[in-house]
Every structure is written in C-alpha cells, then in structure tokens.
Amino acid sequence: MRVSILIIGTVISLAGLTFWLQGLAVVGPPSSFMYKNPEWITNGMYILAFGIVIIIIGAIIGRSKVSF
C-alpha cells in the first residue's frame, strides 16, 4: 500500500511539474494550450503541491505500524 501511494504521489508531482514548466514556456511545444499560459503556472503549482502531500502521507503511513 505504501509503495502504491508513493508512486501515485510521484506521478502526480511530475505531472504538476510538467504543467508548471509548460506554463513558464520552459518545456513543451509552442502550439500547446498550456505553453506560456499563466493559468497553468498556478495549476501546475497546485498539482505539484498535491502530489507532494500524497508522498508525505505515503511516507507517514510507511513509518507507522497501522495497516489499512
């Protein structure tokens, strides 16, 4: 369970990082609707933060003896 949560959190974080960088016009094709779009800078940061929270939750679950 712990590994699954960590993998999900990592994938979400990487997606958020990609969206954030596309909003900043660092990666991605210029034809993308996210490219140089300030809205996706904000969305990417929120998604990245959400993924980090999931990773932290997975790490906490891994340390505790509680099994779900």
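Quick caveat, the model's predicted, so the values are computed rather than measured. The figures here come from the full heavy-atom set of this structure, side chains too, leaving out hydrogens, waters and symmetry mates.
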V53: partners by side-chain contact (heavy atoms from CB on, under 4.5 Å), with sequence neighbours left out: I57
Point-to-point distance, once rounded to the nearest 0.5 Å, from CD1 of I47 to CH2 of W40: 5.5 Å
Same cluster (ILVMFWY, side-chain, under 4.5 Å), F50 and I8: yes
Neighbour count above 12 (heavy atom, 6.0 Å) for Y35 OH: yes
Interatomic distance, Q22 atom CD to L17 atom CG [nearest 0.5 angstrom]: 10.5 Å
Members sharing L6's hydrophobic cluster (side chains within less than 4.5 Å): I55
Shared hydrophobic cluster for I52 and I60 (ILVMFWY, side-chain gaps under 4.5 Å): yes
Between CD1 on residue I41 and CG on residue L24, distance to nearest 0.5 Å: 4.5 Å
Positive for side-chain contact (heavy atoms from CB on, under 4.5 Å) with I7, one of T10, V3, I5: V3
Minimum-distance pair of heavy atoms, taken over all atoms of S13 and G51: OG-C, 3.1 Å
Which atom of R2 lies closest to which atom of G58, heavy atoms considered: CG-O, 3.4 Å
